[in-house]
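All chains are named by letter (A, B, ...) in the order of the sequence lines, taking the proteins before the strands, and each is independently numbered beginning at 1.
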Number of protein chains: 2
Amino acid sequence: MEPIKIRPAREQVADALRRAIFTGEIQRGEELTQEAVAAQLGVSRMPVREAFLMLERDGLLMLNSHRKAVVRGLTEEDIVDHYDIRALLEGEAAARASVSEEVADIRAAYEDARSAGLRGDAAAFVEANQQFHRAVWEAADNPYLMRFLDQLWRGLPPHLPELVPVQMRQSLADHDQIMSALEAKDPEAARRAMRHHIQRSLQQFLNAWRSGSDS
Amino acid sequence: MEPIKIRPAREQVADALRRAIFTGEIQRGEELTQEAVAAQLGVSRMPVREAFLMLERDGLLMLNSHRKAVVRGLTEEDIVDHYDIRALLEGEAAARASVSEEVADIRAAYEDARSAGLRGDAAAFVEANQQFHRAVWEAADNPYLMRFLDQLWRGLPPHLPELVPVQMRQSLADHDQIMSALEAKDPEAARRAMRHHIQRSLQQFLNAWRSGSDS
DNA sequence: GCGAGAGTTTGTGGATCCAATATCCCAGAC
DNA sequence: GTCTGGGATATTGGATCCACAAACTCTCGC
């Protein structure tokens with residue numbers, strides 16, 4: 001038996017809200033009261049308050065003293081800005097990872113994503129893909145980099161469900177590029193490959209977003 | 001009259017704790033209880049709880065369910081990592097700012113810092129210096145970039161008091177370089193100048209740190 | 001003397017309660 | 001008719017209360 005991590009209520013509330021925002025169940029501009037959310041989720045206001053503070057940090061809510069919380073949601077511009085910074089940071093992470101001792105760990109995650117992709121298991125792929133990226137940051141071994149990337153990933157839906165199948169093929173091809181740059185211990189090639197991967201994902205995301213969000 | 005921003009108790013508590021950590025009044029590894037901090041600051045536990053969550057995000061505290069909060073403080077390695085990422089992000093900000101419309105705003109902040117430096121007003125310089133950097137991020141106009149840089153600046157003491165006088169001369173010279181790259185609208189020169197500025201600051205900071213923290 | 005286990009203490013996480021402030025609505029004056 | 005002011009209402013911020021989890025200690029068995 002390994003020690004399990006216990007998740008406080010505030011995090012579960014935050015997760016629930018994030019999901020609701022990402023799926024569009026809660027719309028941009030909508031106003032939330034602690035009371036209403038608490039009632040709907042069946043908890044007291046306390047964990048909701050704390051969750052609101054977390055979501056504010058992640059840029060999903062706007063809070064003002066004694067005012068209701070306003071859902072910031074995401075504009076197309078936000079998404080572009082998000083991916084821009086992600087490309088910068090993950091590119092740096094890849095460059096650092098390429099000269100680290102932990103390339104083997106990355107390869108393991110790479111293989112997982114690859115096999116999930118080849119057998120067409122979308123859910124497993126989404127999970128493994130995240131592990132692959134995370135393995136890169138871990139190898140880069142800079143707590144600030146890791147913290148910011150974590151925040152970024154929490155700030156956008158990991159994958160729009162409708163585009164996962166399309167994305168898998170392309171992502172796997174990109175991963176090949178990244179992986180070989182890493183194993184060649186070539187920092188700049190790794191940075192380029194990662195940046196390219198992310199910028200390409202942005203295009204896919206935007207296409208899906210544009211067709212999905214004309215509601 | 002412009003709308004003034006009201007600061008909730010949690011933020012003031014967080015500020016007080018940050019200061020205490022930066023000055024060394026609270027040492028690395030020390031354990032804090034909500035109760036004790038609340039009593040000392042004369043508030044209830046509630047704002048302290050929320051402040052703890054903020055400081056955890058800034059990397060200054062480690063929280064575990066049902067455990068006391070542990071002060072993470074800063075190792076020398078943390079500081080290097082911190083400046084590394086700051087150089088990356090501020091470099092990017094400078095590159096973007098150089099092609100923005102707001103270079104004039106940056107120059108205003110630059111002049112403020114310069115005049116404070118020339119008349120040797122350390123306090124004013126620290127403030128104006130921060131304004132200068134902030135003006136650059138604002139011009140870069142990417143909310144994520146801004147958010148992360150804000151977090152970084154909150155995570156380290158803005159300036160070790162003893163080195164401000166030394167730092168002023170050098171910083172002003174660096175600022176000249178940055179400013180002219182910005183006004184030449186040369187993104188890569190601006191990035192280089194900013195990176196150089198920050199990496200040089202790191203060296204000064206480390207020297208002061210090493211001599212200051214052998215307690 | 002030392003380790004295991006129960007009981008005690010301490011401290012957090014979550015619920016509820018109270019205070020303070022912002023918004024809303026309506027009445028009255030000009 | 002519109003604007004101003006006051007009171008009612010809604011909602012958050014802060015304080016207190018309670019339950020549960022972790023640490024600590026003391027005792028008992030060996």
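Picking from C:dG13, C:dA20, C:dA15 the nucleotide with the shortest atom distance to the side chain of B:His66 gives C:dG13. Of the candidates D:dG14, C:dG14, C:dA15, the closest approach to any side-chain atom of A:Ala9 belongs to C:dG14. Closest approach to the A:Thr33 side chain among C:dT16, D:dT12, D:dT16 is made by D:dT12 (side chain taken as heavy atoms from C-beta onward). Here D:dA15 is the nucleotide among C:dA22, D:dA15, C:dG13 with the atom lying nearest to any side-chain atom of B:Pro47.
B:Met46 has its CE atom 15 Å from the C1' atom of C:dG11, to the nearest Å. The nearest whole Å value for the distance from the CD atom in A:Gln12 to the P atom in C:dG13 is 14 Å. To the nearest angstrom, P of D:dG14 lies 10 Å from CG of A:Leu53. For A:Arg45 and D:dT16, the CZ to C1' distance is 14 Å, given to the nearest whole Å.
For the salt bridge (charged side-chain N to carboxylate O under 4.0 Å, His left out) test, no residue two or more places apart in sequence or in another chain qualifies with B:Arg57.
For the pair B:Glu35 and A:Ser44, nearest-nucleotide mapping onto DNA chain C gives the more 5' position to B:Glu35. Of the residues near DNA chain C, A:Arg67 and B:Asn64, the one whose nearest nucleotide (by heavy atom distance) lies more toward the 5' end is B:Asn64.
Between B:Asn64 and B:Val70 the shortest side-chain heavy-atom distance does not fall below 4.5 Å.
Using modelled atom types, one finds a donor on one side chain and an acceptor on the other under 3.5 Å when comparing A:Arg45 with A:Gln34.
In this structure, B:Gln34 reaches the C:dG13 phosphate: one of its side-chain N or O atoms is under 4.0 Å from OP1 or OP2.
For the pair B:Arg134 and B:Glu138, the salt-bridge criterion is not met [side-chain N within less than 4.0 Å of a carboxylate O].
Nucleic acid contact class of B:Leu32 (heavy atoms, under 4.0 Å, all strands): sugar-phosphate only.
B:Arg49 contributes a side-chain N or O that forms a donor-acceptor pair with the base of C:dG14 under 3.5 Å.
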